[in-house]
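Data block below; observations after.
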Amino acid sequence: VASWCVSWAVGAASQEECDELGMAEAQRLATRRALASLSVRPDAAVVDGKWDFVGPLVRHVEMRVKADAVCLPVAAASILAKVTRDRIMRSHADDLPHWHFDTNKGYPCPLHRTALAGYGPSAIHRRSWVFMDNFVPWPGMRTKPSSGLTLF
């Protein structure tokens with residue numbers, strides 16, 4: 001898929017940035033990073049969904065729900081983003097074995113839920129993730145740390 005693209009990039013925001021900025025602003029930050037990494041400057045974008053996190057970074061933005069089903073560039077972008085994220089998650093598997101990132105990539109499957117219930121969040125989990133409120137096994141542990149403190 002990457003070989004079909006004139007240019008492509010994936011932007012990311014860290015767990016800390018997601019927690020500090022909120023998901024909307026973290027998604028905008030990741031978008032700015034991806035656009036800055038491209039070898040071309042796009043003048044138009046098709047965004048899959050109803051929320052425009054690309055404008056005003058790109059002059060013309062078209063919002064389209066399920067765009068990946070009808071627009072080849074959006075489908076390709078979706079595949080590239082997913083494969084990139086899966087590779088990043090697998091790279092954490094050896095250092096964070098309890099959460100089984102080699103097989104579940106951090107989504108709330110039963111195995112991952114069990115690890116969260118037993119071990120709590122890892123260093124790379126977003127504390128502000130709404131799902132996390134149900135998986136803080138020790139009393140007194142905050143889901144979103146204050147003053148930049150990372151809890152294990």
Side-chain angles (χ1 to χ4, degrees), residues 1-40 42 45-54 57-58 64-138 141-152:
V1 172
S3 68
W4 302 340
C5 303
V6 172
S7 182
W8 72 276
V10 174
S14 69
Q15 165 263 317
E16 292 91 353
E17 290 168 326
C18 292
D19 287 339
E20 182 177 319
L21 300 172
M23 289 308 296
E25 190 54 38
Q27 193 167 12
R28 287 185 191 101
L29 175 61
T31 301
R32 284 194 300 274
R33 289 174 174 162
L35 290 171
S37 297
L38 292 173
S39 63
V40 296
V46 178
V47 176
D48 190 352
K50 296 181 180 182
W51 184 64
D52 181 7
F53 54 88
V54 177
L57 302 170
V58 175
R64 181 176 276 183
V65 175
K66 302 208 184 275
D68 59 337
V70 295
C71 181
L72 184 59
V74 175
S78 177
I79 291 167
L80 291 167
K82 173 79 168 99
V83 168
T84 299
R85 183 180 187 282
D86 287 355
R87 288 178 178 161
I88 291 168
M89 295 308 296
R90 278 195 304 273
S91 76
H92 292 293
D94 288 340
D95 295 329
L96 303 167
H98 303 305
W99 294 273
H100 304 277
F101 292 130
D102 55 330
T103 58
N104 73 53
K105 316 304 179 280
Y107 298 114
C109 70
L111 185 60
H112 196 76
R113 289 175 191 232
T114 300
L116 283 171
Y119 298 104
S122 73
I124 64 170
H125 279 95
R126 296 186 317 253
R127 303 306 195 270
S128 58
W129 185 29
V130 69
F131 184 76
M132 203 60 75
D133 288 338
N134 297 319
F135 289 97
V136 179
W138 303 288
M141 182 177 176
R142 294 181 304 261
T143 55
K144 183 177 178 184
S146 61
S147 68
L149 176 66
T150 300
L151 302 173
F152 293 91

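FYI, the numbering just counts along the sequence from 1. What you see is a predicted model; the values in this text were computed from it and never measured. All values below were derived from every heavy atom in this structure, side-chain atoms included, with hydrogens, water molecules and symmetry-related copies excluded.
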Kindly compute the distance separating [atom1] ([X]) from [atom2] ([Y]), expressed to the nearest 0.5 Å.
X      : Y      : atom1 : atom2 : value
Asp94  : Asp102 : CG    : CG    : 8.0 Å
Thr103 : Asp86  : OG1   : CG    : 11.0 Å
Arg28  : Asp52  : CZ    : CG    : 8.5 Å
Thr114 : Tyr119 : OG1   : OH    : 10.5 Å
Ile124 : Ser14  : CD1   : OG    : 11.5 Å

Excluding sequence neighbours, so at least two apart, what forms salt bridge (charged side-chain N to carboxylate O under 4.0 Å, His left out) with Glu17? Arg33

Run the salt bridge (charged side-chain N to carboxylate O under 4.0 Å, His left out) test against Arg90 and tell me which residues pass, sequence neighbours left out. none

Using side chain to side chain contact (heavy atoms under 4.5 Å, CB included) as the criterion, list what pairs up with [X], not counting sequence neighbours.
X     : answer
Ala26 : Ala13, Cys18
Pro42 : Leu35, Leu38, Val58
Ser37 : Ala9
Ala12 : none

Classify the ring geometry between His92 and Phe101 as parallel (under 30°), tilted (30 to 60°) or perpendicular (over 60°). perpendicular

Among His125, His100, His98, exactly one meets ring-ring contact (aromatic ring centres under 6.0 Å, His included) together with His112. Which residue is that? His125

Closest approach of [X] and [Y], non-hydrogen atoms and distance?
X      : Y     : value
Ala75  : Asp68 : CB-O, 3.4 Å
Ala2   : Trp8  : CB-NE1, 3.2 Å
Val47  : Val54 : CG2-CG2, 3.5 Å
Asn104 : Trp99 : ND2-O, 2.9 Å
Val10  : Ala81 : CG2-CA, 4.1 Å
Val1   : Ala76 : CG1-CB, 3.6 Å

How about Arg32: does its CZ atom have over 12 heavy atoms from other parts shown lying under 6.0 Å from it? yes

Tell me every residue that passes ring pair (Phe, Tyr, Trp, His ring centres under 6.0 Å) with Trp4, counting only those two or more places apart in sequence or in another chain. none

Polar side-chain atom of Ser78 near backbone of Val74 as donor-acceptor pair, under 3.5 Å: no

